[in-house]
Amino acid sequence: MTRTNRATEIEQRLQAPLAAVLSPRRTITAAAEHLAARPDHELDIVIHRAISLANTNAELGYQFVQHAIEALDAMRLADVLAWAEQAVELYDQDGLFAATSFLERPERFADEVLNRANAASFDDTCGMLSIYINGLAGRRLALDIAEHAFTDTETIFLPRRISRFEDSKLNRQLYKATASFLWAQAWYGTFRLDANHRTLEQRLAAYDNPRNARDLFDALETIRINACVARDLPGLYRDWQRLQTLTGPVDYPTHWSGIIARLQRPQASMETTFELLPEVINDEVPLALCYQGVLMPGQVAQTMALRMEKDKAALQTSLAEIARNAVPSVASEDTQQPIDTEALRFEVRVTAKPDAPGEFDIQLSLGGQALGIPPELEALLQSILQDLGGFPTEYLVPAGDNDYDPQAIAAEIDADSESGLGPATYYPEWDHQRHQYRKDWCALREQEVEPDPAPFVNETLKKYHGELHHLRKAFEALRGENQLKKRQPDGDDIDFDAVVQAMTDLSLGLEMPPQLFTQLHRHERNIAVMFMVDMSGSTKGWVNDAERESLVLLCQALEILGDRYAIYGFSGMTRKRCELYRIKTFEEPYSKLVEHRITGIKAQDYTRMGVTIRHLSKLLNEIDARTKLLITLSDGKPDDFDGYRGDYGIEDTRQALIEAKRQGIHSFCITIDDEARDYLPHMYGAVNYTIIDDVRKLPVKVADIYRRLTL
Amino acid sequence: MSQAHTLPVDEYRITEEPYYRPLGKEIEIFLAAHKNRLPILLKGPTGCGKTRFMEHMAWRLQLPLITVACHDDLTAADLVGRYLITSGETVWIDGPLARAVRSGAICYLDEVVEARKDTTVVIHPLADDRRVLPIEKNGELLRAPDSFCLAISYNPGYQSVLKDLKTSTRQRFVAIEFEYPQPELECEIVSAESGIAPDTAEKLVRFAGMTRNLKDSGLEEGASTRLLVHAAKLMASGIEPAEACRSAIAESLTDDPEMLEAVNELSASLF
Ligand SMILES: Nc1ncnc2c1ncn2[C@@H]1O[C@H](COP(=O)(O)OP(=O)(O)O)[C@@H](O)[C@H]1O
Ligand SMILES: [Mg+2]
């Protein structure tokens with residue numbers, strides 16, 4: 001029986017019990033189709049349960065059927081039945097609405113009731129998995145949650161949780177198996193266009209029953225892909241098999257044996273699968289493997305169409321650039337002259353890498369001259385190759401000046417919205433969900449704080465007169481001097497006093513002491529510190545005053561120490577307008593102007609911390625100092641207008657701090673946010689922050705914290 | 001004070017040919033630079049064969065090879081030399097650099113940017129056409145014989161801007177760029193170094209490629225040829241491949257638990 005037939009049968013069996021709530025616009029056709037892929041014994045139990053629920057109330061039965069497939073994906077069969085039972089109890093106690101809302105969210109039940117120990121969740125697995133998948137090969141794939149596992153060739157979609165097995169380790173492995181299988185579909189060319197650029201969807205549409213054809217194609221492709229992976233990644237294949245053995249074997253019709261053998265040959269491709277499809281088109285669709293996911297040719301076609309458009313334009317643009325650089329005379333000197341088209345002809349040669357299965361060497365040449373391929377272009381060429389299996393000639397035509405160039409247009413639009421802001425420096429941002437940087441995502445501009453001649457600094461110095469006295473003393477004690485250590489066992493120079501003494505000892509028949517050298521100990525405080533001051537809107541009022549006072553006292557202390565320091569304020573609105581306000585640069589001496597800028601610090605907009613940290617780390621790195629510190633004064637967690645909040649902002653900030661650490665910068669955060677205890681340890685590490693609960697204490701504390709940090 | 005003592009350099013002679021598989025024209029370039037008394041800069045990530053290359057070249061040129069691993073406490077005196085006092089006499093002892101100059105050997109300063117800035121300055125007069133080493137402490141001016149060769153190495157990948165090689169230093173050297181070898185060559189090297197079968201070596205090299213794919217996903221550096229050789233040697237001694245990759249490669253690349261699990265899964269998938 002084909003899967004479509006099974007689906008029809010399911011629909012028929014449920015028709016009568018659910019009749020009261022069904023209508024032409026309210027059917028169970030889609031649900032029945034999904035259920036048809038499940039094994040017989042599960043299916044029978046589900047249908048039985050649906051009928052018994054429907055006997056209580058037809059709507060209950062209907063909702064159960066609609067959500068049964070999600071439930072089956074998220075839980076073991078026994079738990080699915082418990083879920084149905086609880087729905088009936090709710091119905092009895094709280095009525096239909098309570099019960100149907102409950103049935104609409106099977107994943108909640110899975111979350112709450114299910115033994116958490118045995119399920120694996122997307123959230124817990126995706127970090128590791130996305131690294132794993134990106135390590136394998138090919139185009140970068142993102143991971144995301146969907147009801148069913150499938151890929152559109154850019155994202156691998158996986159269920160929110162998997163609890164098919166009793167053991168959570170096995171469920172985690174099933175995540176890996178499913179994700180890697182979907183990766184393999186993309187990598188081994190399941191979705192590659194044919195010679196006439198037809199998509200998989202279009203080719204399947206040529207069959208009488210495209211759905212059935214798709215399922216059979218899927219079954220055959222799965223056999224082929226299993227064979228590819230068994231060859232190239234035998235360890236992974238063993239994991240797949242282990243899971244499948246636990247789930248139960250899949251039987252293929254006997255006349256498939258020759259077909260299977262052909263699909264397993266190394267030279268088999270997705271074209272082989274298509275050649276063989278007519279031979280099985282009337283057979284029943286075998287059960288799906290436990291890690292197989294579903295095939296969504298429609299989604300793939302959409303994604304590919306968009307990408308190919310983009311890739312083609314991007315390739316043409318970079319070829320145009322290469323051409324310009326390679327043939328400068330053509331572009332600059334004499335535009336009247338017809339361009340030698342032969343000299344501008346690009347060619348691509350693709351050769352399989354003998355030792356890396358599925359991978360290809362791409363060589364690019366212009367007018368017969370081989371060209372070096374920069375990494376970004378290489379990725380682009382590989383992406384096109386993965387979709388098309390080659391390079392159509394129209395792809396190799398460099399973009400002309402008048403041609404449609406989406407990149408240039410996009411750049412112009414961007415420039416428009418930022419016009420008048422001056423040139424920006426672009427920084428990446430870390431997207432923790434995709435486990436990947438967004439390139440050139442934030443536009444950052446430096447500007448100066450408007451100086452304010454109000455007598456704020458003097459007032460502050462008066463206000464903290466007593467504290468300042470102590471501060472100064474404490475900091476003077478820190479000031480180091482060079483010291484020549486004498487009588488060392490080893491050193492740069494000879495300690496002549498010691499030698500003279502030693503000679504005397506020797507002449508007296510005493511043993512000569514080995515401490516005859518001098519060593520220069522540099523107690524030099526080789527420190528550069530960058531202060532990064534929150535100027536977001538939330539600091540308005542008390543916090544802003546406290547920050548400014550802190551800076552006044554800090555400058556006093558730092559001038560005593562002679563440490564090099566810079567002060568920048570940060571704020572901004574969206575990724576396109578990240579702003580940094582210069583208060584004092586490293587080169588600039590402390591002056592009246594600096595004092596006026598400190599006075600002029602005002603609360604502005606939002607807090608986008610990652611980009612700020614990246615930029616300030618760069619500045620800090622240009623300074624030659626043994627110890628480098630980045631100290632943040634802030635009143636809250638990272639937050640910006642365009643989605644830079646919650647985990648996203650925290651993770652990007654954390655990533656920026658990790659980058660800084662790799663460059664040898666020590667980061668420290670001083671904050672006045674009560675809730676900071678929740679996220680600061682994650683962002684800065686447990687010892688690299690301080691929370692000050694009383695704003696009024698901030699000014700004195702900041703200087704003291706700095707002293708302790710650099711003891 | 002007495003005359004200078006120079007320790008013999010014969011112990012630095014390499015008598016057996018060190019295995020080195022050329023990746024490009026580096027041997028020819030080195031020989032030509034040496035012939036013209038030009039100093040040499042080896043650029044490239046750690047573990048890609050720079051040290052081995054130097055050993056090989058020293059053997060080829062039949063010159064002693066004196067290697068100094070630079071670190072941030074390395075002083076000029078550590079390189080040039082200092083006085084020692086033995087049995088009532090002060091004796092000047094050459095540092096490795098002075099020894100190499102005096103004896104016309106090859107001096108290889110590994111990871112030179114790790115050394116303090118004032119230290120790198122002492123090599124400047126050796127690196128231009130003066131080819132001299134002034135020893136301030138005892139007033140000597142050493143002239144390098146023709147066979148003397150100064151080579152330094154530097155990894156442009158992971159050093160901070162601060163540790164970047166100064167242009168004034170860099171511009172004195174003939175630069176030879178090293179990369180991880182192409183897959184076929186890397187297989188050849190790994191199996192030659194460890195004795196494991198070529199098809200196993202090939203899998204290791206593919207694994208290295210996977211870790212090198214992860215540079216944008218949070219791994220600082222991918223597996224180097226050196227780490228592959230280590231894993232291969234463990235395997236040749238009977239350690240299971242996945243275990244060997246874990247101990248010799250994954251654990252030395254990262255401490256991050258997620259990254260570690262993913263990297264271990266990658267190697268387990270291959271074998
Ligand atoms: N081209 C090569 N020929 C032979 N062995 C190599 C080559 N490249 C790397 N190796 C192997 O890798 C190891 C590490 O190389 P090494 O020279 O120590 O790296 P580096 O000095 O660049 O950090 C060597 O011991 C050797 O086993
Ligand atoms: Mg080395």
Side-chain angles (χ1 to χ4, degrees), chain A residues 127-138 140 172-173 176 180 229 232-239 353-357 359 428 430 435-437 439 490-494 498-499 502-503 506-507 512 514 516-517 520 617-618 620-626 628 655 658 662-665, chain B residues 1 72 75-78 82-88 90 116-117 137 158-164 182-187 198-199 201-203 205-207 209-220 222 241-242 254 256-271:
Chain A
M128 183 283 283
L129 263 189
S130 72
I131 301 173
Y132 175 77
I133 293 296
N134 283 324
L136 285 173
R140 295 190 76 87
R172 199 174 163 87
Q173 282 204 17
K176 185 189 80 173
S180 53
V229 171
D232 296 344
L233 298 162
L236 177 61
Y237 184 64
R238 276 199 306 277
D239 287 347
K353 288 192 192 172
D355 45 354
E359 294 189 35
W430 177 253
H435 220 90
Q436 197 173 326
Y437 285 101
K439 239 181 111 189
D490 184 17
D492 301 331
D493 265 306
I494 298 202
V499 172
M503 293 302 180
L506 207 61
S507 65
M512 194 176 77
L516 301 171
F517 299 90
L520 190 63
S617 310
K618 196 172 89 181
L620 201 43
N621 259 328
E622 287 162 7
I623 304 297
D624 182 1
R626 183 163 289 204
K628 294 176 191 179
Q655 191 70 18
I658 293 173
R662 278 195 201 135
Q663 301 161 18
I665 295 172
Chain B
M1 261 173 264
D72 56 1
T75 62
D78 290 332
R82 55 164 52 94
Y83 282 106
L84 282 186
I85 296 160
T86 38
S87 53
T90 53
R116 289 180 10 189
K117 282 264 154 76
K137 291 228 176 79
Y158 64 57
Q159 274 102 6
S160 63
V161 183
L162 175 71
K163 286 200 172 160
D164 216 356
Q182 289 293 308
E184 310 89 79
L185 289 186
E186 202 167 28
C187 285
D199 59 330
E202 187 224 296
K203 286 185 174 173
V205 170
R206 275 173 61 204
F207 176 50
M210 289 174 169
T211 64
R212 292 167 198 167
N213 285 344
L214 292 177
K215 265 194 125 171
D216 289 335
S217 302
L219 203 61
E220 252 177 275
T254 178
D256 179 72
E258 245 174 22
M259 183 59 78
L260 209 52
E261 185 185 354
V263 171
N264 284 330
E265 286 286 357
L266 285 171
S267 62
S269 293
L270 273 169
F271 289 99

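Here the structure is a predicted model, which is why all the values come from computation and not from measurement. Letters A, B, ... mirror the listed sequences (proteins, then strands); counts begin at 1.
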Please flag which part of A77(B) lies under 4.5 Å from any non-hydrogen atom of chain A: side chain, backbone, both or neither. side chain
Least distance between heavy atoms, M259(B) atom then I131(A) atom: SD-CG2, 3.6 Å
Considering all heavy atoms of both residues, which atom of F517(A) and which atom of Y83(B) are nearest to each other, and what is their separation? CE2-O, 2.9 Å
Of all heavy-atom pairs between R238(A) and F271(B), which one has the smallest distance, and what is that distance? NH2-O, 2.8 Å
Would you mind reporting whether S269(B) and Y237(A) have side-chain heavy atoms less than 4.5 Å apart? no
Quick one, K203(B) and P234(A) - any side-chain contact, counting heavy atoms below 4.5 Å? yes
If you tally heavy-atom pairs under 4.5 Å against chain B, which of V499(A), N134(A), V229(A), I665(A) wins? N134(A)
Note: E261(B)-R172(A) ion pair, threshold 4.0 Å (strictly below): yes
Does any non-hydrogen side-chain atom of M128(A) lie less than 4.5 Å from one of L260(B)? no
Report yes if some heavy atom in the side chain of D232(A) is under 4.5 Å from a heavy atom in the side chain of R206(B); otherwise report no. yes
